[in-house]
Amino acid sequence: MNKFNEKLIFHIDVNSAFLSWSATDRLVQGEKIDLRDIASVIGGDEESRRGVVLAKSMEAKKNGIVTGESLFTARKKCRDLVVVSPNFTLYERCSRSMREIFNDYTPYVEKFSIDECFLDVTNYNTSREAALVLACDIKDRIKSELGFTVNIGVSDVKLLAKMASDFEKPDKIHTLFKNEIEKKLWKLQVGELFMVGKRTVPRLNNLNIFTIGDLAQYDIEILKYHFKSSGLRMWKYANGIDNSEVNYNKYELKGISNSTTLSDDIKSKNEAYKVLLTLVEVTATRLRNIKKCAYCISITIRNQEFNDSSRSKTLSNATDSTQEILETVKKLFDELWKGEPLRLLGVSLNNLCKDNFKQLSIFDVSSTSDEKQRIIDKTIDSLRQKYGETSVMKSVLLKKK
DNA sequence: TCTGGGGTCCTAGGACCC
DNA sequence: TCTGGGGTCCTAGGACCC
């Protein structure tokens with residue numbers, strides 16, 4: 001704690017992250033037009049049915065384009081919209097560069113998503129004013145060294161720092177200390193509150209709750225009755241109550257998943273099996289890379305009507321074997337699939353534990369068949385590491401000519 | 001030519017055990 | 001002979017986030 005006995009927390013959020021990052025990269029490559037100055041979006045490939053808006057420029061936003069909508073509807077709102085494909089390798093690199101700068105200021109950095117971090121700067125500042133100077137320094141350094149802008153929310157509470165970074169954009173610093181919530185937070189629409197999504201907003205409106213202030217002053221028992229534990233959480237958030245700490249420790253992954261929307265609907269079991277093989281290979285490799293095994297294996301399918309269904313199986317022994325996971329996945333698929341055309345297939349591995357298998361040598365002549373399978377998996381992993389995950393993409397996943 | 005992909009957490013109901 | 005109740009685990013689905 002500083003001398004005022006309060007925490008000082010930053011929430012730092014890249015403005016239109018994917019779009020900014022692609023824009024700066026293009027400028028470096030010699031492109032003359034800055035995507036941030038025109039109506040533009042980062043969007044997936046429409047032909048392979050991944051055509052949604054992943055990020056938008058301010059100009060695109062002014063035309064009513066929102067993240068997550070289809071490029072089809074986005075183009076209707078803005079005729080000369082520029083659409084750029086995402087470059088996830090670049091985004092990971094930008095994200096890392098940004099965190100390296102944060103680490104110059106404090107070791108207490110929590111990566112919240114690819115473009116968001118929380119920083120606990122309590123020990124480095126004696127006052128709120130000093131914290132603001134620091135925030136300004138960080139913001140300007142990212143802009144000059146990396147070429148993109150961020151918003152920084154400053155508060156004594158993590159949740160409030162996050163809400164503050166979402167105020168006016170771009171390239172801005174905002175404070176939202178506990179004593180400011182009535183003035184700055186309560187006037188906002190209730191759907192602006194973190195963890196109040198589009199399903200919940202109409203239900204809150206039915207209770208005559210329209211602003212965050214309405215929610216904050218509502219009877220907590222009634223909220224708990226209607227929304228169970230999330231009712232209590234919403235009420236706490238509306239009142240600026242959040243005791244969570246900036247978690248700078250190594251992030252423990254709870255599950256691994258991989259899903260894909262198919263260029264063409266899958267209609268046969270054989271086609272499905274080929275895709276499932278790829279999904280299992282990718283997830284199992286990632287699982288082994290973090291030296292974990294999974295107890296629970298699930299698959300998800302999505303039909304043409306966009307209805308999802310899933311099926312899962314908990315094993316008595318955790319596994320990281322591609323073969324074993326694949327067999328379970330196929331079984332689950334056979335139980336779940338009724339023969340309707342599918343637009344998406346997904347595999348996920350949950351309930352993870354440490355892998356406690358003994359280290360194996362390829363020269364170990366006494367290997368059992370299980371151990372031999374592990375050696376095969378390891379060999380494939382090293383090939384994949386050398387040539388990249390996409391080197392094993394099956395042709396069925398690729399776009400039809 | 002409408003609707004991605006990777007996560008986390010919660011809940012309800014059923015199975016099973018004591 | 002008629003039937004409780006608590007606890008835990010598993011499964012399927014839903015809501016939310018970026």
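Reminder, nothing fancy here: chain letters follow the sequence lines and each chain counts from 1. Heavy-atom basis, side chains included; hydrogens, waters and symmetry copies ignored. What you see is a predicted model; the values in this text were computed from it and never measured.
- Counted within 6.0 Å of NZ on A/Lys172, heavy atoms from surrounding residues, nucleotides or ligands total more than 12; the atom is thus considered enclosed.
- Salt bridge annotation for A/Arg141-A/Asp104: present, with a cationic side-chain nitrogen under 4.0 angstrom from a carboxylate oxygen.
- Among the atoms of the strands shown, only primed sugar atoms or phosphate atoms (P, OP1, OP2) are found under 4.0 Å from some heavy atom of A/Gly255.
- Closest approach to the A/Arg50 side chain among B/dT8, B/dT3, B/dG5 is made by B/dG5 (side chain taken as heavy atoms from C-beta onward).
- The phosphate of B/dG6 has OP1 or OP2 within less than 4.0 Å of a side-chain N or O from A/Ser259.
- Atom pair A/Leu71:CG and B/dT3:C1' shows a separation of 10 Å (rounding to whole Å applied).
- Residue A/Arg79 contributes atom CZ, which lies 16 Å from atom P of B/dT1 at whole-angstrom precision.
- Of the residues near DNA chain B, A/Lys228 and A/Arg343, the one whose nearest nucleotide (by heavy atom distance) lies more toward the 5' end is A/Arg343.
- Computed from coordinates, the A/Glu252 CD to B/dT8 P distance equals 10 Å when rounded to whole Å.
- Between A/Glu327 and A/Lys330, none of the side-chain N atoms (NZ, or NE/NH1/NH2) sits under 4.0 Å from a carboxylate O, so this pair counts as no salt bridge.
- Here ring pair (Phe, Tyr, Trp, His ring centres under 6.0 Å) pairs that include residues 24-77 of chain A, with residues two or more places apart or in two chains, number zero.
- Each of A/Phe227 and A/Leu54 was matched to the nucleotide of DNA chain B holding its nearest heavy atom; the match closer to the 5' end belongs to A/Leu54.
- Atom CD in A/Glu92 sits roughly 12 Å away from atom P in B/dG6 (whole-Å rounding).
- Among residues two or more places apart in sequence or in another chain, the side chain to side chain contact (heavy atoms under 4.5 Å, CB included) test is passed with A/Thr106 by A/Tyr108, A/Val109, A/Leu119, A/Val121, A/Tyr124.
- Rounded to the nearest Å, the gap between the C1' atom of C/dG4 and that of B/dC16 is 16 Å.
- Listed candidates were B/dG6, B/dT1, B/dG4. Nearest to the side chain of A/Thr261 is B/dG4.
- Not one side-chain nitrogen or oxygen of A/Asn258 sits closer than 4.0 Å to the OP1 or OP2 atom of B/dG5.
- Among pairs with a residue in residues 166-194 of chain A, those fulfilling ring pair (Phe, Tyr, Trp, His ring centres under 6.0 Å) read A/Phe167-A/His174, at least two apart in sequence or across chains.
- The side-chain tip of A/Lys162 does not point at the ring of A/Phe118 from less than 6.0 angstrom away and within 45° of straight on.
- Taking atom CZ on A/Phe72 and atom P on B/dT3, their separation rounds to 9 Å, with Å as the unit.
- In this structure, A/Asn247 atom CG and B/dC9 atom P are separated by 11 Å, rounded to whole Å.
- Salt bridge status for A/Lys76 with A/Glu69: absent, with no side-chain N to carboxylate O gap under 4.0 Å.
- Every residue two or more places apart in sequence or in another chain that forms a salt bridge (Lys or Arg N to Asp or Glu O under 4.0 Å) with A/Glu46 is listed here: A/Arg75.
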Contact pattern, 5' to 3', of nucleotides 10-18 of chain C - B, S or - by protein heavy atom under 4.0 Å = SSSS-SSSS
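- Classification of the A/Phe88-A/Tyr91 ring pair by plane angle, with boundaries at 30° and 60°, yields perpendicular.
- As a whole-Å value, the separation of A/Arg49 CZ from B/dG4 P is 9 Å.
- In this entry the distance linking CG of A/Leu232 with C1' of B/dC9 reads 15 Å, nearest Å.
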Secondary structure of DNA chain C in dot-bracket form (Watson-Crick or G-U wobble, distances below 3.5 Å, | marking inter-strand pairs) | ....||||||||||||||
